[in-house]
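Before any comments, here is the structure.
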Amino acid sequence: MSATIIDGKVFATTVRGKVAAHVARLKEENGITPGLAVVLVGADPASEVYVRSKGKMTIEVGMKSVEHRLSAETSEADLLSLIDSLNRDATIHGILVQLPLPGHLNEDLVINAINPAKDVDGFHISNVGLLGTGQKSMVPCTPLGCLMMLRDHHGSLAGLNAVVVGRSNIVGKPMAQLLLRDSCTVTIAHSRTKDIEEVCRRADILVAAVGRPEMITGAWVKPGATVIDVGINRIEKTDGGTRLVGDVAFESASAVAGAITPVPGGVGPMTIACLLANTLTAACRANGLAEPEGLTA
Ligand code: GUN
């Protein structure tokens with residue numbers, strides 16, 4: 001068997017198109033331009049790439065994009081003061097503080113200083129609690145993107161066995177909450193899970209979010225399962241160059257799975273598309289308007 005490829009690049013283009021169409025209507029009918037502020041502290045090269053890409057795509061869908069680039073030595077007080085001013089700025093509907101932050105800054109403190117209604121990452125403790133109790137919240141972008149692709153592929157997810165490998169606050173835990181909300185039977189597996197291969201082989205939906213290159217092989221996959229690979233790992237090739245691989249060994253897994261997301265071109269492009277969707281959702285909620293259909297959890 002050779003798996004259907006779930007093309008995240010195509011899917012993300014469709015999501016961004018829907019966001020752009022809704023933004024155009026918001027501008028025309030309500031005079032509202034959704035605004036996203038991204039805060040980058042320091043000059044981590046990978047973060048620089050993400051932030052540039054976020055800014056470019058924000059503008060492409062017709063939103064206002066604001067970038068705040070602060071030195072790596074910025075004090076916590078100065079960063080909190082910037083967040084406070086963005087919280088009070090009515091033209092800004094979404095605030096994202098790029099992680100990781102330099103070591104002297106307390107990430108939890110900084111994230112929890114963002115107005116939860118503007119927390120387009122869904123990392124604020126209030127949003128975590130709201131999601132965990134099935135209430136309306138901002139939902140982390142990567143798990144939201146995975147959920148959209150799974151719903152598109154399966155229709156209803158009810159009753160399916162889902163195994164999420166990885167227990168991070170950013171992906172594993174919110175992914176499990178979202179799958180539970182869609183009535184999956186959910187298991188979170190991690191580095192201390194016994195017989196992890198056997199646990200994974202029970203999954204109708206297998207989400208890999210561990211950050212270990214090609215850890216999950218075809219032997220871990222139930223025939224016909226849907227495999228969502230959240231990993232983005234850069235590894236060295238034998239010729240000295242590098243290439244991107246996921247947490248799933250694509251070749252062997254795709255021989256067993258029913259559907260699979262590739263790396264690159266799977267989950268990755270969906271993350272920024274969902275950030276834009278979340279910013280639009282935040283702008284609609286802030287103005288008491290209907291939320292965009294198909295772009296929320
Ligand atoms: N760094 C890597 N991924 C993310 C993300 O999704 N949000 C934020 N704020 N920082 C990140």
Side-chain angles (χ1 to χ4, degrees), residues 8 12 15-16 35-58 65-70 72 74 76 79-80 82-83 86-87 92-103 105-128 131 137-149 164 166-175 177-178 207-211 228-234 244 246-247 263-264 266-279 281-282 297:
V15 169
R16 290 199 309 273
L36 173 65
V38 174
V39 180
L40 175 62
V41 186
D44 175 66
S47 293
E48 290 266 9
V49 173
Y50 285 133
V51 167
R52 242 195 323 274
S53 179
K54 282 167 189 166
K56 181 170 161 273
M57 291 192 184
T58 304
S65 168
V66 177
E67 280 177 27
H68 290 272
R69 290 164 181 273
L70 309 181
T74 301
E76 206 160 78
L79 180 54
L80 292 174
L82 171 62
I83 291 172
L86 294 170
N87 282 342
I92 296 297
H93 304 93
I95 302 170
L96 180 146
V97 178
Q98 185 68 28
L99 302 178
L101 290 171
L105 299 170
N106 179 334
E107 280 186 2
D108 288 337
L109 186 79
V110 169
I111 295 303
N112 289 325
I114 298 171
N115 174 353
K118 296 190 178 189
D119 167 38
V120 281
D121 261 327
F123 295 165
H124 191 289
I125 192 70
S126 296
N127 283 316
V128 175
L131 178 62
S137 67
M138 297 307 301
V139 173
C141 304
T142 299
L144 178 58
C146 296
L147 183 74
M148 284 182 188
M149 291 194 286
V164 179
R167 52 178 157 176
S168 71
N169 291 335
I170 292 180
V171 182
K173 287 181 201 160
M175 186 76 252
Q177 294 287 2
L178 289 171
V207 181
V210 271
I228 304 289
D229 189 354
V230 180
I232 302 177
N233 311 288
R234 192 167 285 284
L244 285 183
D247 293 345
V263 176
V267 174
M270 286 298 286
T271 297
I272 295 184
C274 287
L275 172 68
L276 303 174
N278 277 351
T279 305
T281 299

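Read the numbers this way: they start at 1 and go in the same order the structure lists the ligands and their atoms. What you see is a predicted model; the values in this text were computed from it and never measured. For reference, positions follow the sequence shown, starting with 1.
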Requested in this report: Consider every N or O of L99 and every N or O of ligand 1, then say whether any pair is closer than 3.5 Å.
Outcome: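 So ligand 1 has an N or O lying under 3.5 Å from an N or O of L99.
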Query raised in the report: Does any N or O atom in Q98 lie less than 3.5 angstrom from one in ligand 1, N or O only?
Result: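 N/O-N/O distance below 3.5 Å exists for this pair.
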Requested in this report: Would you mind telling me which of L99, D121, I83 makes a side-chain contact (heavy atoms from CB on, under 4.5 Å) with I111?
Outcome: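 One option only clears the test, and that one is L99.
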Report task. With heavy atoms only and a cut-off of under 4.0 Å, state how D121 meets ligand 1: side chain, backbone, both or neither. Result ->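 Answer for D121: side chain.
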Requested in this report: Measure V97 to ligand 1 on non-hydrogen atoms and call it side chain, backbone, both or neither using the 4.0 Å cut-off.
Outcome: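 The answer is the backbone of V97.
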**Report entry** atom 3 (N) of ligand 1 protein-contacted, heavy-atom criterion under 4.0 angstrom
**Finding:**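 No, there is no protein heavy atom closer to it than 4.0 Å.
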**Report entry** Least distance between heavy atoms, L40 atom then G42 atom
**Finding:**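 L40 and G42 have their closest heavy atoms at CG-O, 3.6 Å.
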Query - Salt bridge flag under 4.0 Å for residues E48 and R69 - result: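 Yes, this pair counts.
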Query raised in the report: What atoms in ligand 1 come closer than 4.0 Å to a heavy atom of L96?
Result: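 Counting from 1, the qualifying ligand atoms are 9 (N).
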Query - Heavy-atom check, side chain of N87 versus side chain of I92, under 4.5 Å - result: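 A side-chain contact under 4.5 Å is absent here.
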Query - Non-hydrogen side-chain atoms of V38 and V66 separated by less than 4.5 Å - result: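 V38 vs V66: side chains apart.
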